[in-house]
Number of protein chains: 4
Amino acid sequence: MNARSTSRSKPQSMRMRMKEEARAAILDAAEQVLAEQGLQATRMDDIAARVGVSVGTLYNYFEDRQQLLEALRDMRGRELLALLDTELERSLQTPYRARLHGFLRCILEHSRTHFRLLSVLLEDSLRHGDSREGDLDRHLAMWREVSLRLEHLGQQGVKEGALRPEDASHYPAMLLDMMQGLVLRQLLAKQPAPADELLAPLLRCFLEGAAPR
Amino acid sequence: MNARSTSRSKPQSMRMRMKEEARAAILDAAEQVLAEQGLQATRMDDIAARVGVSVGTLYNYFEDRQQLLEALRDMRGRELLALLDTELERSLQTPYRARLHGFLRCILEHSRTHFRLLSVLLEDSLRHGDSREGDLDRHLAMWREVSLRLEHLGQQGVKEGALRPEDASHYPAMLLDMMQGLVLRQLLAKQPAPADELLAPLLRCFLEGAAPR
Amino acid sequence: MNARSTSRSKPQSMRMRMKEEARAAILDAAEQVLAEQGLQATRMDDIAARVGVSVGTLYNYFEDRQQLLEALRDMRGRELLALLDTELERSLQTPYRARLHGFLRCILEHSRTHFRLLSVLLEDSLRHGDSREGDLDRHLAMWREVSLRLEHLGQQGVKEGALRPEDASHYPAMLLDMMQGLVLRQLLAKQPAPADELLAPLLRCFLEGAAPR
Amino acid sequence: MNARSTSRSKPQSMRMRMKEEARAAILDAAEQVLAEQGLQATRMDDIAARVGVSVGTLYNYFEDRQQLLEALRDMRGRELLALLDTELERSLQTPYRARLHGFLRCILEHSRTHFRLLSVLLEDSLRHGDSREGDLDRHLAMWREVSLRLEHLGQQGVKEGALRPEDASHYPAMLLDMMQGLVLRQLLAKQPAPADELLAPLLRCFLEGAAPR
DNA sequence: CATGAATGAGCCTTCATTCAT
DNA sequence: AATGAATGAAGGCTCATTCAT
């Protein structure tokens, strides 16, 4: 009865592929609207209109508004981690400072692309810090992954003699803090500058400090 | 600190004093609720209930919800600046490093006290980055004031030979970024640590860098 | 501050009285709409329009749609019990048959007045028989109260020698069943007949049976 | 009635037979879901899922939700009448009391089997008493058929001298009322009892009355 | 005929704001 | 000034129905 099986290679994976693409399209639209209107102003209708479908369709792909946003967060998180891992692999034979530079540039660029989204989701996580624990957890887990990679990198730096080991545990946090500020200021300034230009003083201060030698 | 008290004649200043106190009470309540529930979950009814008055009364003191929140932001901003100025004055005769330390501790403590508020208001500013320009402006203006004081401090640092002058323009931003991360992580960690313990590695890294000398 | 106490006799009870009247008005309107449109077709907007207020107002008096309907059920239930108790008291010195007749007439009349409501609420109870247990419970509890009174009445009948005691436990149920059918057929027939005319054969059959003696 | 079936050639009647079986399967599924979830909670998707087909398929067999439910009601109605007629034929040579007992047992058992359905459909009929006249009519027509058969039976009873003729016109209604109550209480009690055990006191009271002789 | 994704009108509910007392 | 009931626009979500494949 259901044996309409023509000579198709992957009937199921076709379905699933299409479903995945539709989900991705919705998430892209959601990010756009989110970036433009902010979290609470983003109505399901707006997202639907942006994709060019009707509201009901959104609910064929996501349980509710909340789940849609979580899916968006998760997807972008996974994308960033993939980027970073690619970069780390690419630069395997490179000295610490250059690797760190590449790593941070990845973050900077990804964050710039998705900045409004990130701030909006951070905001959301903070607001519901108490309830919806699992939600915040997944968000923090992602950043912990990034931190982890920075720690590994830091160990290379220590081995190379490029880093003092005493404060090593603080480096990832401080780097990420400064990165976040960088991105934030970029956004507010509305004058995007080349990534390397922004990273140079950051790295210089991080490695050599503000005090004269 | 709240020294709005000019030497005015009784009748008016009495009125105004009471009005100001009522406003302050409302703002305190608003901050509490905001901290507990987040921006969008904070209803006017909740604030009113917290103060112990009825909704209508709030509208005798503030145009609308938006203005109330702005007033709250402005008040806390002014308070922080007052704190910083007091601290700067207190430490006038002190060397750069100690002054910076005191300055940052002020920020850290004030931010810890009002953390939820700050994150909630930041969120709000970002969301309406496009509309409500004047609002974001006032918020940024406040932080520019803080930055300004850090710059002054930096100049002292350069004069004392405690800072390299080349990257001086980046110092305030980097310091504030790291401070913000510090506060953020404090909140998420839910294990408040003594301010000085947190500031020590930050200052060490800032001044001496991560690279061995 | 709240000491506006003018020479009013019952400031609070005034408030409460008005609140109760408003609730009652809403419930009356709800019953009308319910009777006209049925349970699922009854929208909150319709009820509000019927009372002449806006939707929001309904929510100042009832948690949600469900609670409003429950309140309606409870109120009508209490009214019926009050009617019955009044009737029972009035007829204390009367013989069994007459008392039963009066009792049943009360039910018949109350049920005719609120028939659509009753059927609609019964329906609702049946539907959610599994979930919302407490809800159905309250409804059944009310009818159990009616049954209880019928049992008491039956005891009088037995004592008077007007009833065979063997099947006494079945009498309340059978009487109520026949009453319910009576009311139902009245509704469907759309030709309301005088209560006594309907009750006479019912009582005759109940007491004397269908078989010739 | 449905005798559109002329003596046609196989292929078409094959088609129709299959079509009828598919319809029956859908109606069975619908009844299950209806019984479990209630009228308004029963979604077309649920029915489809229960049959193991997709929603669209339902619409190949029934105009819309409403027609599907009506078809279900009609089918169960026809089934009950068939049962009753079989029973009446079987007991042709039996005295009145036994025939009545058999007749009522048929109703009781059929009603128990389909109870949730019946209550749900009754509810539906009552709700739309005003619109959809024809719908309620078909439902009532069915019960009128049952009543008719009870009347015939009653005539036998009168002839046999087992029934007083004066109230004969009320007997069918009263019997059906008590039956309905019986079934309803069975459902709510959730402790199914043997049919005869339930019917005995009912018949006793109906025939001999509650008053001692 | 079967499929199931898409549709979109419709409903419940929330909450900032108003205004008569 | 204080009160708090009333307002009603707005948004999230449901689900019967359609239709292209």
Legend entry - Nucleotide nearest Val53(B) when distance is taken to its side chain, options dT3(F), dT7(F), dG4(E): dT3(F)
Legend entry - Atom pair distance, as rounded to whole Å: CD in Gln67(B) and P in dT17(E): 10 Å
Legend entry - Side-chain N,O (Lys19(C)) to OP1/OP2 (dG4(F)) below 4.0 Å: no
Inset, instruction - Could you tell me whether the phosphate oxygens of dC1(E), OP1 or OP2, come under 4.0 Å of any side-chain nitrogen or oxygen in Tyr61(D)? - result: no
Legend entry - Pairwise side-chain contact, Leu39(B) with Leu69(B), heavy-atom cut-off 4.5 Å (strictly under): yes
Inset, instruction - Whole angstrom is fine here: how far is it from CG in Asp46(B) over to C1' in dT14(E)? - result: 12 Å
Legend entry - Euclidean distance, Arg65(C) CZ relative to Ile47(C) CD1, rounded to 0.5 Å: 7.0 Å
Legend entry - side chain to side chain donor-acceptor pair (under 3.5 Å) contacts touching residues 50-59 of chain C (sequence neighbours left out): Gln32(C)-Arg50(C), Glu36(C)-Arg50(C)
Inset, instruction - Just jot down the side-chain contact (heavy atoms from CB on, under 4.5 Å) partners of Asp28(B), sequence neighbours excluded, or say none. - result: Arg76(B)
Legend entry - With sequence neighbours excluded, residues passing side-chain contact (heavy atoms from CB on, under 4.5 Å) with Glu20(C): Arg23(C)
Inset, instruction - Not counting sequence neighbours, which residues clear side-chain contact (heavy atoms from CB on, under 4.5 Å) with Asp74(D)? List them please. - result: Arg78(D), Arg138(D)
Legend entry - Check: Met44(C) and Leu68(C) side chains under 4.5 Å, non-hydrogen atoms: yes
Inset, instruction - Send over the distance from Leu58(A) CG to dA5(E) P, rounded to a whole Å. - result: 14 Å
Inset, instruction - Any chance you could lay out the side-chain contact (heavy atoms from CB on, under 4.5 Å) test for Leu34(D) and Arg116(D), step after step, and finish with the verdict? - result: CA-CA 7 Å; Leu34(D) 231 29; Arg116(D) 300 299 304 245; over 6 Å; no
Inset, instruction - Taking the side chain as every heavy atom from C-beta outward, state whether Phe62(C) and Leu27(C) have any pair of such atoms under 4.5 Å apart. - result: yes
Legend entry - Protein proximity profile, nucleotides 10-15 of chain F - base contact B, sugar-phosphate-only contact S, no contact -, cut-off 4.0 Å on heavy atoms: -SSBBS
Inset, instruction - Figure out the CG/C1' separation between Leu68(B) and dC15(E), and round it to whole Å. - result: 15 Å
Inset, instruction - Could you summarise the pairing of DNA chain E as dot-bracket text, marking Watson-Crick and G-U pairs under 3.5 Å with ( ) or [ ] inside the strand and | across strands? - result: .||||||||||||||||||||
Inset, instruction - Please state how far atom CG in Leu69(C) lies from atom C1' in dC11(E), giving the value in whole angstrom units. - result: 14 Å
Inset, instruction - Nearest whole angstrom, please: distance from the P of dT18(F) to the CZ of Phe62(D). - result: 16 Å
